[in-house]
Each structure stands twice: as C-alpha cells, then as structure tokens.
Amino acid sequence: MKLSEVKAKLAEAGRFDTVGQSKGMFIASRGFFYTNGMTSDKLAAAVQRAIPTAAIVEHRQIWKPFRGGATTASQSHFLVRFTA
C-alpha cells in the first residue's frame, strides 16, 4: 500500500494525529494529555479494523512532560507500527 492510501483509510477510521512511513513500516500516532480510557491496544485495534491486511509490529504508550503547542512526537502519545 502507498502512504496516501493508508492515510485515507485511517482518516475514515478515527482520529490519528500523524501517519507516516519509515524503513518500510507505517507509523500512526495519537497524542494525549489525559488518556480517557484509550490505550495503545485500542489504537492498534482501530488500525486493524481500518486496514484488515495490516500486520501490527509494535504498539506502545509514550509518556512525556506536557509542553503546550508541542508536536505529537514531543508530547505523550500512543504509537502503532505496522506493515500493510
């Protein structure tokens, strides 16, 4: 799949802050201040529902200190790495 196709499918599925590609893998992330019940497992499941052929390689929760206006990578976020 192309990156543009993955972005389109994930845009339909829900809120993902960033979707990119690195070294043959796709990376989707969603930032948070409060988790409000969300987990990296749930985000990985959302990717799987949106792209049934996706193979989830890794999903995790990254905690960082709050910095207002920071990029998703510089703040707390959920991360899912997958191939499609």
Side-chain angles (χ1 to χ4, degrees):
M1 282 184 104
K2 293 182 180 180
L3 180 59
S4 59
E5 295 170 334
V6 170
K7 282 184 176 183
K9 288 187 182 267
L10 292 182
E12 294 173 6
R15 195 191 85 157
F16 290 86
D17 293 330
T18 62
V19 179
Q21 187 175 17
S22 176
K23 299 179 185 175
M25 277 197 234
F26 296 100
I27 303 164
S29 62
R30 177 179 177 177
F32 66 88
F33 183 74
Y34 295 112
T35 60
N36 293 323
M38 180 56 105
T39 64
S40 64
D41 291 327
K42 291 180 182 179
L43 197 64
V47 168
Q48 195 71 57
R49 279 191 306 274
I51 307 170
T53 59
I56 306 298
V57 175
E58 171 190 21
H59 62 86
R60 60 187 166 136
Q61 189 169 349
I62 299 165
W63 293 91
K64 295 194 176 180
F66 175 72
R67 294 192 176 155
T71 64
T72 302
S74 298
Q75 63 183 338
S76 296
H77 61 281
F78 302 109
L79 177 84
V80 180
R81 292 183 196 269
F82 62 97
T83 58

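All figures in this text were calculated on a predicted structure; none of them were measured in a lab. Below, all heavy atoms of this structure are taken into account, side chains as well, without hydrogens, waters or symmetry copies.
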Student: Heavy-atom distance under 4.5 Å between the side chains of Ile51 and Leu10, does that happen here?
Tutor: yes
Student: We want to know whether Asp41 and His59 form a side-chain donor-acceptor pair, criterion being a heavy-atom distance below 3.5 angstrom.
Tutor: yes
Student: With a 4.5 Å cut-off on side-chain heavy-atom distances among I, L, V, M, F, W and Y, is there a chain of contacts connecting Met38 to Tyr34?
Tutor: no
Student: Is the shortest side-chain heavy-atom distance between Ile27 and Gln21 below 4.5 Å?
Tutor: no
Student: Could you tell me whether the side chains of Thr18 and Ser29 share a donor-acceptor contact shorter than 3.5 Å?
Tutor: yes
Student: Do the non-hydrogen side-chain atoms of Gln75 and Lys64 ever get within less than 4.5 Å of each other?
Tutor: no
Student: Which heavy atom of His77 sits nearest a heavy atom of Ala73, and at what distance?
Tutor: CE1-O, 3.8 Å
Student: Can you get from Val80 to Phe32 by hopping between Ile, Leu, Val, Met, Phe, Trp and Tyr side chains that sit under 4.5 Å apart?
Tutor: yes
Student: I want to check something: taking the side chain as every heavy atom from C-beta on, are Ile56 and Gln48 in contact at a cut-off of under 4.5 Å?
Tutor: yes
Student: Work out which heavy atom in Trp63 is nearest to a heavy atom in Ser76; give both atom names and the distance.
Tutor: CA-OG, 3.6 Å
Student: What residue pairs, at least two apart or across chains, pass ring-ring contact (aromatic ring centres under 6.0 Å, His included) with a residue in residues 4-25?
Tutor: none
Student: First locate atom NZ of Lys42, then atom CZ of Arg49, and finally report the distance between them rounded to the nearest 0.5 Å.
Tutor: 10.5 Å
Student: With side chains defined as the heavy atoms from C-beta onward, is the minimum distance between Lys9 and Lys7 less than 4.5 Å?
Tutor: no
Student: Could you state the interatomic distance from CZ (Phe78) to CZ (Arg30), rounded to the nearest 0.5 Å?
Tutor: 7.5 Å
Student: Using a 4.5 Å cut-off on heavy atoms from C-beta on, say whether the side chain of Val19 contacts that of Phe26.
Tutor: no
Student: Show the nearest heavy-atom pair for residues Val47 and Ala54, with the distance to one decimal.
Tutor: CG1-CB, 4.4 Å
Student: Any side-chain to backbone donor/acceptor pair from Glu5 onto Lys2? Under 3.5 Å, distance only.
Tutor: yes
Student: Testing the basics here: between Ala13 and Ala50, what is the closest heavy-atom pair and its distance to 0.1 Å?
Tutor: CB-CB, 3.5 Å
Student: Flag yes if Met1 and Leu3 sit in one hydrophobic cluster, no otherwise; membership is Ile, Leu, Val, Met, Phe, Trp, Tyr, and two members link when side-chain heavy atoms are under 4.5 Å apart.
Tutor: yes
